[in-house]
Structure formats: C-alpha cells, structure tokens
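Working notes, beginning with the structure itself.
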Number of protein chains: 2
Amino acid sequence: MATTTRKRSSKKEEILKTAARMFREKGYAGTSMRDLAEKIGIEAASLYNHIHSKSEILEEIIFSIARDCREQLDNMDPAGTSLQKIESLIRFHTKMMIDHFESYSVMVSEWMHLDEEKLGEFVSERRRYVKKIESIVQQGIDNKEFKPVLPYVVVLNILSSVRGLEFWQKSAKTHSAEIMEENMVQHLIGGLKL
Amino acid sequence: MATTTRKRSSKKEEILKTAARMFREKGYAGTSMRDLAEKIGIEAASLYNHIHSKSEILEEIIFSIARDCREQLDNMDPAGTSLQKIESLIRFHTKMMIDHFESYSVMVSEWMHLDEEKLGEFVSERRRYVKKIESIVQQGIDNKEFKPVLPYVVVLNILSSVRGLEFWQKSAKTHSAEIMEENMVQHLIGGLKL
DNA sequence: CCTACCGATCGGTAGG
DNA sequence: CCTACCGATCGGTAGG
C-alpha cells in the first residue's frame, strides 16, 4: 500500500517533470499526450492512471511554482530598506528561474492556456503579487531611497528581465548563475538608485 | 487585373493581421485555420487562395517585423554617444511593441514554431542583432560612459523588458505610451549610467 | 499498464 | 469563394 502510493506519486512526478520540459519547448497546445507518453515510455492511455487530464498537468506545474513565489514574498523580512527588499526579490526570482527552469518558464509563458476558472485564479493572484512589489518600490520612492520611476514599470521590467533568462539558459552558459544574478541586480537596481 | 491584384493583397493583409491577433492570444499551435477563417468570415479552404500554408502566415508576420528592427539598427546614426544609441534603441523597441503590438508579440513569443529552415534563419539573425547591441554597450563601458555591467545581461534585460509591455497593453492603460517609454528609458538606462 | 476504440478536429486538396 | 472530402492526429474512455 505504502509502496503503491510511493510508486504512483513518483510516476506522477515524472509525468509533471517531463511535461514541463515539453510544454516549455513546444508549448502546451503544441504538446500532445501521445508525445508525452512516448517520452516517458508508456502508452498515452496509461497517463490517465496518474493524472485526470492534460489541463490538470498544466495547473499543477503552474500553481506549484506560483505558490513558491507567493510564500517567499509573504514571508519576507519586513525590516530592512526598500532597496534590500527589491534586491532580495531580484535574487530570489533569478534563482527560481535558474533552479526551476522548466516550470518557471511554463508559468510565465503558458498560463494563458489554463482553463477559465484556473485562469481567473492565476491572473488575480499575479495581480496581487505585482501590487505588493509595487508598493515596496513606492515606499522606496517616498523614502528617497529610489528615484521617482513608475513602480508599475519597475516591477514589469524586473519580472520580464527574469523571464528573459530563459534565453540565456538555452544557449551555451558562458557565464555562471552567480555572475548572472549579480549583473541582474546591478542593472535593475542601478536604474532605481538615486 | 490591377483590381484583382489589389483585392488579393488586401485580403492577404487581412489574413495576416487577423492571424497575428489570434496567434498572440492563443498561440500558433492553439489557433486553427478554421478559427482564423471564421474570424474573417470565409471557409477554411478559401484561405488557401491567398496563402500557401499556416506556417507561411507565421513566417510573414515574424520576418516582416524582424526586418524593421534590423533595418533600424543598420541605419542608426554612427555618431553620438553610446548612451544616446542605447536610449534610442529602447525608445524604438518600446514604440514598435506599442505600435505593432500583435506582430511584435508574435515574433518574441512564437518564433519557436517556425519550421526548421526558417527557425535557423531567425535564430542566427537574432543572435547577430543582439551581438551588435552588445558591442554598443561594450563601447560605452570602455568609454567610461557606462558602469561595467555584462553587456549580455543588459541587452537581455532591455529586450525582455520591452517584451513585458505585452502585459501592460492587455490591462487597462492607466499610463500613456509616452509615459511608459519615458519610464522604460529612466529605469533601463539608469542602471547603466555611472 | 495495455489494446482497442470513440467522436472531434486538424492542415490541406480537388474540383468547380 | 464554396462544397465535399482526405488521412492524420487530437484528448480521452472502456474494459481487462
């Protein structure tokens, strides 16, 4: 019984991981259940012993990584300067993108294929998330820590720049993850400092 | 005869424009020729009197906007400081994203669905494009106009941030295009200045 | 986990 | 520009 459960969940994990890799490469709509099954080495019909539907796979990938991001922001040290907070956010997202490359990419590029209910949930979660970071930037401006740039643009640029690391990953890694992170901070925080 | 040609090409334009809108919303793989035909008000089979294949539509959308970007960079005033050049590039891309919203979005998000030959062409064109901008950043660093941030990261961040404007467009436009452009420059150039 | 199969839909063609 | 249609493939189910 315990063995069965363990087996099942590890198989499900394998499906999710393989699906994330394929969704990132060919997109959600461009990946068929037969492609996915073949990569895993089973028949397409057998996938349904572990998952309920194709859309469930997408949901699990996206909401799992979204939860990690949300929790990190909620548990952020409320002490510290706005600059420290934004810097730690840039470092966190850069690490997430690099360490959870496949699922992070799927989240930022394939969320629009969630079905209606889950799509609404994701969009409103993301809006809340962006608003929270915007308010940190706004505090920094009010504090005179930052120059007066629209917080909305700053947050958009930071999150978009992290997304752009997908392209770095795909090519030969001429720079280490640490150097990339350091330069992300330098460029994106630099444009904020007075 | 002239009338026929005019009619044909305007119909093709309508197909390309409608396709760009749909590819951006649902992705290339998620858009069917029947969806596209219905939006235009004809039968799917009739599309093929104006275009040869679905992939040809994607190619025309992507390479048309890619050409605009390439030409702008090639025709850039070689005088001026590195700072002026990078600033003008940020302004140009921001304007392109806003003015040619649909096709620019399709280029940056759907290029991986080009078929093998065109994909190779696009990737090597883009690599050349990025390298050229990197060398402008490098000159600025050598000049002591810019602080020493990895040019590769700077270019990635600029182009990714412009891409992120897709998300701005979709929501209510609380800020004008001019204000967005100004803030893009402030934040992204700001992180570069000494 | 498989075989066998479902109805729906895909990109595209023939022929008018 | 349409009707009629092609073979291939889609997500998913039944039954073992």
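The figures here come from the full heavy-atom set of this structure, side chains too, leaving out hydrogens, waters and symmetry mates. In what follows, chains carry the letters A, B, and so on, assigned in the order in which the sequence lines appear, proteins first and then strands, with residues in each chain numbered from 1.
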Contact class for Ser55(B) (heavy atom, under 4.0 Å): base, sugar-phosphate, or nothing?
nothing
Ser46(B) near the nucleic acid: base, sugar-phosphate alone, or nothing, with a heavy-atom cut-off under 4.0 Å?
base
Going through the distances and angles, do Asp68(B) and Gln72(B) end up as a side-chain hydrogen bond (donor to acceptor under 3.5 Å, both in side chains)?
CA-CA 6 Å; Asp68(B) 292 346; Gln72(B) 191 270 350; over 6 Å; no
Evaluate the ring planes of Tyr152(B) and His175(A), with Trp represented by its six-membered ring, and classify them as parallel (under 30°), tilted (30 to 60°) or perpendicular (over 60°).
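Tilted.
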Given Arg91(A) and Glu181(A), is the salt bridge (Lys or Arg N to Asp or Glu O under 4.0 Å) satisfied, shown in steps?
CA-CA 6 Å; Arg91(A) 291 189 189 278; Glu181(A) 185 182 318; 3.0 Å; yes
Ser135(B) side-chain N/O to Lys132(B) backbone N/O, donor-acceptor pair under 3.5 Å
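Indeed, once roles are kept as given, a pair shorter than 3.5 Å links the two residues.
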Set of residues satisfying side chain to side chain contact (heavy atoms under 4.5 Å, CB included) with respect to Lys17(A), sequence neighbours excluded:
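Once residues adjacent in sequence are excluded, Lys17(A) has no partner under the side chain to side chain contact (heavy atoms under 4.5 Å, CB included) criterion.
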Residues that Thr81(B) engages under side chain to side chain contact (heavy atoms under 4.5 Å, CB included), provided they are two or more places apart:
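Counting only residues at least two positions away or on another chain, Thr81(B) forms a side chain to side chain contact (heavy atoms under 4.5 Å, CB included) with Leu83(B), Gln84(B), Glu145(B).
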Tell me every residue that passes salt bridge (Lys or Arg N to Asp or Glu O under 4.0 Å) with Arg70(B), counting only those two or more places apart in sequence or in another chain.
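Expected list: Glu125(B).
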Which ones in residues 33-44 of chain B lie close to DNA chain D, meaning a heavy atom under 4.0 Å from one of its atoms?
Ile42(B), Glu43(B)
Measuring centre to centre across the rings, with the benzene-like ring taken for any Trp, is Tyr129(B) within less than 6.0 Å of His93(B)?
yes
Under the side chain to side chain contact (heavy atoms under 4.5 Å, CB included) test against Val153(A), which residue among Gln186(B), Met180(B), Glu182(B) passes?
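So the option named by the test is Met180(B).
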Axis deviation across the helix from dC1(C)-dG16(D) to dG16(C)-dC1(D), five-pair ends, to the nearest 10°
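Taking five pairs per end, the axes differ by 0°.
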Can you confirm if the NZ or CZ of Lys193(A) lies within 45° of the ring axis of Phe146(A) and under 6.0 Å from the centre of its six-membered ring?
no
At a heavy-atom distance below 4.0 Å, which nucleotide of DNA chain D is the first touched by chain B, and which is the last?
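Listed 5' to 3', the contact boundaries are dC1(D) to dA4(D).
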